[in-house]
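Protein chains get the first letters and strands the later ones, always in sequence-line order, with residue 1 at the start of each.
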Amino acid sequence: EAQVTQNPRYLITVTGKKLTVTCSQNMNHEYMSWYRQDPGLGLRQIYYSMNVEVTDKGDVPEGYKVSRKEKRNFPLILESPSPNQTSLYFCASSTLTGKTEAFFGQGTRLTVV
Amino acid sequence: RKEVEQDPGPFNVPEGATVAFNCTYSNSASQSFFWYRQDCRKEPKLLMSVYSSGNEDGRFTAQLNRASQYISLLIRDSKLSDSATYLCVVNRYSGYSTLTFGKGTMLLVSP
């Protein structure tokens with residue numbers, strides 16, 4: 001079954017405590033990306049990756065890091081989380097052309113207090 | 001002008017109604033078009049791709065007008081289970097995919 005798996009699904013943390021949200025896909029997709037979704041703002045891209053070791057900033061990259069050491073995994077790292085990073089996060093994967101379906105993980109609801 | 005614009009709604013309709021959503025996009029280089037459905041706090045899922053000639057999938061019909069940079073989604077015979085947010089998504093490919101999402105249109109179908 002085609003799947004994008006994110007963990008954890010829910011996370012409450014304190015300001016400044018480093019955290020990682022994992023994302024893994026089983027479709028051998030080259031392209032992976034991270035989005036955050038906030039009320040009234042829709043989905044905004046944080047970072048994307050076109051292949052192993054190739055990553056680039058999206059629209060809202062400040063405060064985030066990513067890595068792509070393996071094709072299937074694309075973790076999102078918050079080195080020093082702040083309350084304005086409280087949001088719903090989605091990982092997605094697709095083919096490089098994007099002409100077919102993009103698959104999303106189930107989402108991670110992050111609260112930073 | 002925003003890249004992908006949608007009326008946020010909500011659209012409140014009774015069961016059995018026909019409802020139409022519109023979406024406009026600003027980048028004429030856009031190449032692929034989609035409608036995604038998102039249930040409350042869940043991940044977006046592909047509803048249908050949108051082709052230049054228009055396409056239908058059961059009760060759902062999608063249309064694309066490249067000249068006007070306009071996409072539409074028509075839902076006939078609305079069901080309670082159609083209640084969701086519908087995202088208009090536009091893809092531009094220049095070596096890699098760039099998906100741009102509209103903010104979504106909320107549909108509420110009532111008994």
Side-chain angles (χ1 to χ4, degrees), chain A residues 1-7 9-10 21 23 25 27 29-52 54-60 68 87-111, chain B residues 1-10 21 23-27 29-52 55 57 60 62 64 66 71 84-106:
Chain A
E1 181 192 353
Q3 208 165 15
V4 177
T5 303
Q6 273 179 248
N7 279 296
R9 295 285 310 281
Y10 302 92
V21 184
C23 174
Q25 51 98 359
M27 295 162 280
H29 282 158
E30 300 91 351
Y31 190 86
M32 297 185 73
S33 54
W34 277 101
Y35 297 88
R36 61 178 288 174
Q37 188 173 38
D38 303 289
L41 297 177
L43 280 160
R44 294 180 292 167
Q45 192 180 54
I46 303 170
Y47 267 94
Y48 63 91
S49 169
M50 293 175 276
N51 215 324
V52 174
V54 182
T55 63
D56 207 349
K57 296 176 180 178
D59 299 318
V60 288
R68 188 93 180 271
S87 188
L88 178 59
Y89 291 86
F90 290 104
C91 178
S93 78
S94 69
T95 60
L96 200 57
T97 64
K99 290 182 180 178
T100 55
E101 181 175 2
F103 291 84
F104 286 81
Q106 291 181 292
T108 297
R109 185 162 292 279
L110 172 66
T111 302
Chain B
R1 182 180 175 184
K2 293 175 186 167
E3 286 206 53
V4 179
E5 289 200 66
Q6 295 181 251
D7 182 340
F21 305 139
C23 166
T24 57
Y25 61 95
S26 60
N27 193 327
S30 301
Q31 295 151 314
S32 315
F33 308 89
F34 309 91
W35 284 102
Y36 277 71
R37 171 193 168 127
Q38 185 175 23
D39 294 297
C40 187
R41 299 184 180 184
K42 295 196 172 180
E43 74 273 25
K45 292 185 178 179
L46 180 68
L47 177 67
M48 58 197 302
S49 301
V50 186
Y51 303 118
S52 297
N55 48 298
D57 183 1
F60 299 86
L64 167 64
R66 285 188 185 268
I71 305 159
T85 296
Y86 291 83
L87 304 173
C88 177
V89 184
V90 172
N91 178 50
R92 186 176 78 254
Y93 177 73
S94 54
Y96 58 91
S97 164
T98 301
L99 285 179
T100 304
F101 291 81
K103 292 182 182 177
T105 298
M106 183 182 291

Inset, instruction - Mind ranking B:Arg92, B:Glu43, B:Lys45 by heavy-atom pairs under 4.5 Å with chain A and telling me who comes out on top? - result: B:Glu43
Inset, instruction - Under 4.5 Å heavy-atom distance to chain A, tell me which part of B:Gln31 shows up: side chain, backbone, both or neither. - result: neither
Legend entry - chain B contact via A:Ser33 - which portion, at a heavy-atom distance below 4.5 Å: neither
Inset, instruction - Measure distances from A:Arg44 to the heavy atoms of chain B and classify the residue's part below 4.5 Å as side chain, backbone, both or neither. - result: neither
Inset, instruction - Fit a plane to each ring of B:Trp35 and B:Phe21, take the angle between them on a 0 to 90° scale, and name the class: parallel (under 30°), tilted (30 to 60°) or perpendicular (over 60°). - result: tilted
Inset, instruction - Just give me the residue among A:Gln45, A:Gln6, A:Glu30, A:Gln37 that pairs up with chain B most often, heavy atom to heavy atom, under 4.5 Å. - result: A:Gln37
Inset, instruction - Evaluate whether atom CE of B:Met106 has more than 12 neighbouring non-hydrogen atoms of other residues, nucleotides or ligands under 6.0 angstrom away. - result: no
Inset, instruction - Say whether, by atom type as modelled, one donor and one acceptor occur between the side chain of B:Gln6 and the main chain of B:Cys88 under 3.5 angstrom. - result: yes
Legend entry - Contact check, side chains of A:Val54 and A:Arg68, non-hydrogen atoms, under 4.5 Å: no
Legend entry - Beyond-backbone contact of A:Val21 with A:Tyr89, side-chain heavy atoms, under 4.5 angstrom: no
Legend entry - Residue part contacting chain B, namely of A:Phe103, when any heavy atom lies under 4.5 Å: neither
Legend entry - Any side-chain donor near an acceptor of the partner, B:Asp7 and B:Thr105, under 3.5 Å: no
Legend entry - Part of B:Ser97 within contact of chain A (heavy atom distance under 4.5 Å): both
Inset, instruction - Name the region of A:Ala102, side chain, backbone, both or neither, that has any atom closer than 4.5 Å to a heavy atom of chain B. - result: both
Inset, instruction - Between chain B and each of A:Leu88, A:Leu41, A:Val4, count heavy-atom pairs under 4.5 Å; write down the option with the most. - result: A:Leu41
Inset, instruction - Under 4.5 Å heavy-atom distance to chain A, tell me which part of B:Phe33 shows up: side chain, backbone, both or neither. - result: neither
Inset, instruction - Over all heavy atoms of both residues, which pair between A:Thr97 and B:Asn91 is shortest? Give the atoms and the distance, please. - result: O-ND2, 2.9 Å
